[in-house]
Number of protein chains: 2
Amino acid sequence: MTKENTFFGVKEIARRANVSIATVDRVIHNRSGVSEKTKKKINDIIKELDYQPNILASRLASKKIISLAVLIPKVSAETDFWEAPLNGITRAEAEIKKYGVQIELFFFDLNDPNSFNEQAGLILEGHFQGVLLSPSFIEEARKFSEACHKLKIPFTFFDSDVPEQHNLCYIGPHLFQSGYVGAKLLTYRLKEKQQVAVVNISKETDNYNYIQIEEGFRSYFKDHSLPGEILRVNIKDTDSLSVTRQLTKILNDNENIKAMFVTNSRVSAVATFLEKSGRSDISLIGYDFLKENIKHLEKGFIDFLICHKPEEQGYRGVMSLYETLVLGARVEKVHFMPIDIITKENQAFYKN
Amino acid sequence: MTKENTFFGVKEIARRANVSIATVDRVIHNRSGVSEKTKKKINDIIKELDYQPNILASRLASKKIISLAVLIPKVSAETDFWEAPLNGITRAEAEIKKYGVQIELFFFDLNDPNSFNEQAGLILEGHFQGVLLSPSFIEEARKFSEACHKLKIPFTFFDSDVPEQHNLCYIGPHLFQSGYVGAKLLTYRLKEKQQVAVVNISKETDNYNYIQIEEGFRSYFKDHSLPGEILRVNIKDTDSLSVTRQLTKILNDNENIKAMFVTNSRVSAVATFLEKSGRSDISLIGYDFLKENIKHLEKGFIDFLICHKPEEQGYRGVMSLYETLVLGARVEKVHFMPIDIITKENQAFYKN
DNA sequence: CTGAAAGCGCTTACAG
DNA sequence: CTGAAAGCGCTTACAG
């Protein structure tokens, strides 16, 4: 009933190396001021014993706090998607606070790249030991990540990726494949001669995320030699009046459209339109487990929602920094989220 | 950069109560040998300071080890489903070993209720502080859980549930709803006059799990007024020859069958049959993220797999005991797993 | 019924 | 370059 002494600690290492535990500690943490000779001797013993530091004791003894910065879009009516990652971040914080980790939040405006720059600047001045960010603006994010790299601050991207950066890791969806899954579901029961539309409701139609999703979507059609042209619909004004006007026109001009794929979480705007105009004949698929979307899923105006576990992304994003900074563990550079399929029938049990 | 002294500990409580920290410790853990007066005084201070014990320090100082028993079916060619929960259990063990938690595994034979009883008996003699079990045999599980209850050993059910027991919690699928989802997917593109079969490949056709799944499946048809009789196919001999023979007969007798729903992970046996007999016209849905099943998913002979995160069930099962026993946290009595939908296109990113 | 003291496995000044 | 010692917030014999 008492702990076995199967694990060796610094004390045993010190005893075997004939040094004090302080010196062992120096070697373990790669601190300077140890002769090469003793350093090697200690490292050999560490390897031999397969020494695993006791994090409990380490964090208990340490007086250092570790502070992390998080840079994400602010939550608004337009962007309530960001509630979920924020919840995940908060959950992670609650869990690791007792290990002396603190998190500071920085919010930017998704309509304003400058706000991203401003907040990024604040983070650089703030002496943080790690950063978690959504690199929504590619150029701005690139600049910021170079600055972090120079300061040797590890940073994790999540929700979307910027390739070729020195980020610790990326946590988020494989967008191409996600679009591919969307196409599979949308065409699963599509009949011949029925046409499909890809709908982008966003101010920025050339956003890299949307492009990847659409590429995946179109690839599915190519790979399966599905006939018919895929219509591309861009709706830049996201208010319901504009959406209604544009969709009405599109459906008038293209009578064969029987399925729509919305490339982001604004799918509920299309569902509202379909409901009002009584078009339950049109299949609809879009993104994200949002209240508004679930409502339409339940009513039957959305067939499937695709979701990439935004809450877990936030949680895992924080933990990736915690694991490197506190536990000294290596983390995978790319951590793709599952591409979850949500229907009216399984939504009640979905974990965001 | 140094930890804030915002939290109060036993020392501060002792100082304010004018007692030693040993006495404070006694009160915190409800141990005997403290006068009512000092007990009340200390408890008042604890409340006033909103004292939160430091688990790190507590586990570090404690020499007690906590040992948990896990009772699950043994993994065999027939039951490789159980590999995943076992992995989750092992992962949990690795994570909490450093907090002084040990896990002992007990395996029973899914074809032999007596083996369950035997192993359960061993557990009862073993002085464990907590038990995680798959109550595959309802009556036997009921007896065992009553014994645990008497001994005041908390126990968690997972994978399947036994209602009305004193279990700490249940972690697993909502089987009825899972069958319901299966029906939705299977009928999503089904055409009129095409018939559906529910296939049960198992020695025990009257297993409570299968019954619940099938009830959910049939309810979907009722709720959506889908016409046509749902054929019930029981295959008691699970070898491939018997499966082939029986399915051949069924399909000969019922030419309109265009969709099959297999109520467990043996769906690959049906897929193999469909492949060999060139019946790619039949939709097929079944359970679980197993190698054999994924293979057929990729070839296109299985349309969808439904999965309830077996690995996470094992992991969360262990953690439910850890959280109550070590952290003293309350856990939810029922923790339903998501009903995940896996297709050829999203399987690469699925987390079991 | 209560307290003094050692110890869990580390980290951290401080001294040499 | 190295070590002795105090301390992190608890638990645990042991003594009274």
Side-chain angles (χ1 to χ4, degrees), chain A residues 1-43 46 49 51-66 97-101 325-328, chain B residues 1-43 45-46 49 51-66 97-101 326-328:
Chain A
M1 287 286 279
T2 49
K3 270 183 201 169
E4 293 165 58
N5 222 357
T6 171
F7 298 112
F8 296 109
V10 280
K11 221 194 260 176
E12 175 65 13
I13 298 172
R15 198 187 61 74
R16 295 199 185 198
N18 242 313
V19 296
S20 73
I21 56 168
T23 300
V24 173
D25 194 66
R26 287 184 185 98
V27 173
I28 287 172
H29 296 94
N30 247 313
R31 269 187 251 108
S32 60
V34 185
S35 74
E36 277 306 317
K37 215 176 96 188
T38 51
K39 191 171 171 179
K40 183 174 172 356
K41 187 160 57 170
I42 291 172
N43 271 326
I46 286 178
L49 296 183
Y51 167 70
Q52 305 288 353
N54 184 323
I55 314 295
L56 266 65
S58 166
R59 289 312 297 167
L60 180 60
S62 174
K63 288 185 144 29
K64 273 209 205 85
I65 66 152
I66 288 173
K97 198 165 56 179
K98 51 173 168 273
Y99 301 96
V101 181
L325 255 25
V326 177
L327 309 185
Chain B
M1 289 285 280
T2 49
K3 269 184 200 167
E4 293 165 61
N5 220 0
T6 171
F7 298 111
F8 296 109
V10 280
K11 220 194 263 176
E12 176 65 15
I13 298 171
R15 198 187 61 75
R16 295 199 187 197
N18 242 313
V19 296
S20 74
I21 57 169
T23 301
V24 173
D25 193 64
R26 288 185 184 96
V27 173
I28 287 172
H29 295 95
N30 247 316
R31 269 187 251 108
S32 60
V34 184
S35 75
E36 276 306 316
K37 215 176 96 188
T38 52
K39 192 170 168 178
K40 182 173 173 354
K41 187 161 56 168
I42 290 173
N43 271 326
I45 296 172
I46 285 177
L49 296 184
Y51 167 69
Q52 305 288 352
N54 185 323
I55 314 293
L56 264 64
S58 167
R59 289 310 299 165
L60 180 61
S62 174
K63 289 187 143 27
K64 273 210 207 86
I65 66 150
I66 289 173
K97 198 165 58 180
K98 51 174 168 273
Y99 301 95
V101 181
V326 178
L327 309 185

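Just so it is clear: chains get the letters A, B, ... in the order the sequence lines come, proteins before strands, and each one is counted from 1.
In this view, Lys11(A) satisfies the salt bridge (charged side-chain N to carboxylate O under 4.0 Å, His left out) rule with no residue, not counting sequence neighbours. Applying the side-chain contact (heavy atoms from CB on, under 4.5 Å) criterion to Glu12(B), with sequence neighbours excluded, gives Phe8(B), Arg15(B), Arg16(B), Leu49(B). Checked against side-chain hydrogen bond (donor to acceptor under 3.5 Å, both in side chains), Thr38(B) has the following partners two or more places apart in sequence or in another chain: Ser35(B). Lys39(A) meets the salt bridge (charged side-chain N to carboxylate O under 4.0 Å, His left out) test with no other residue; sequence neighbours excluded.
Rounded to a whole Å, the CG atom of Leu60(A) is 17 Å from the P atom of dG7(C). If you take CG of Asn54(A) and P of dC10(D), they are 16 Å apart, rounded to a whole angstrom. Atom CD of Glu12(A) is separated from atom P of dC8(C) by 13 Å (rounded to the nearest Å). Between the NE2 atom of His29(B) and the P atom of dC10(D) there is a distance of 9 Å, given to the nearest Å. With rounding to whole Å, Gln52(B) atom CD is found 18 Å from dC8(D) atom C1'. At whole-Å resolution of the value, CZ in Arg59(A) and C1' in dG9(D) are 15 Å apart. As rounded to whole Å, 14 Å separates atom P of dG9(D) from atom CG of Leu49(B).
For the side-chain contact (heavy atoms from CB on, under 4.5 Å) with Ile42(B), the qualifying choice from Ile13(B), Ile28(B), Val10(B) is Ile13(B), the only one to do so.
Residue Arg31(A) holds its CZ atom at 10.5 Å from OG1 of Thr23(A), rounded to the nearest 0.5 Å.
In this structure the side chain of Arg59(A) never reaches within 4.5 angstrom of the side chain of Leu60(B), judged on heavy atoms.
The two residues Ser20(A) and Ala14(A) have their closest heavy-atom pair at C-CB, 3.8 Å.
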* Structure fact -> Parsed dot-bracket for DNA chain D after applying the Watson-Crick and G-U rules with both distances under 3.5 Å and | for other-strand partners is |||.||||||||.|||

For nucleotides 1-5 of chain D, give me every protein contact, N/O to N/O, under 3.5 Å, one pair per line with atom names.
| residue | atom | partner | partner atom | Å |
| --- | --- | --- | --- | --- |
| dT2(D) | OP1 | Ser35(A) | OG | 3.4 |
| dT2(D) | OP2 | Ser35(A) | N | 3.0 |
| dT2(D) | OP2 | Thr38(A) | OG1 | 2.9 |
| dG3(D) | OP2 | Ser20(A) | N | 2.8 |
| dG3(D) | OP2 | Ser20(A) | OG | 3.3 |
| dG3(D) | OP2 | Thr23(A) | OG1 | 2.9 |
| dG3(D) | N7 | Arg26(A) | NH1 | 3.4 |
| dG3(D) | O6 | Arg26(A) | NH2 | 2.4 |

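The Arg31(A) side chain lies nearest to dT12(C) when the options are dT12(C), dG9(C), dC10(C). You'll find that the side chain of Lys64(B) is closest to dT12(D), out of dC10(C), dC8(C), dT12(D).
For dT12(D), one of the phosphate oxygens OP1 or OP2 lies less than 4.0 angstrom from a side-chain nitrogen or oxygen of Ser62(B).
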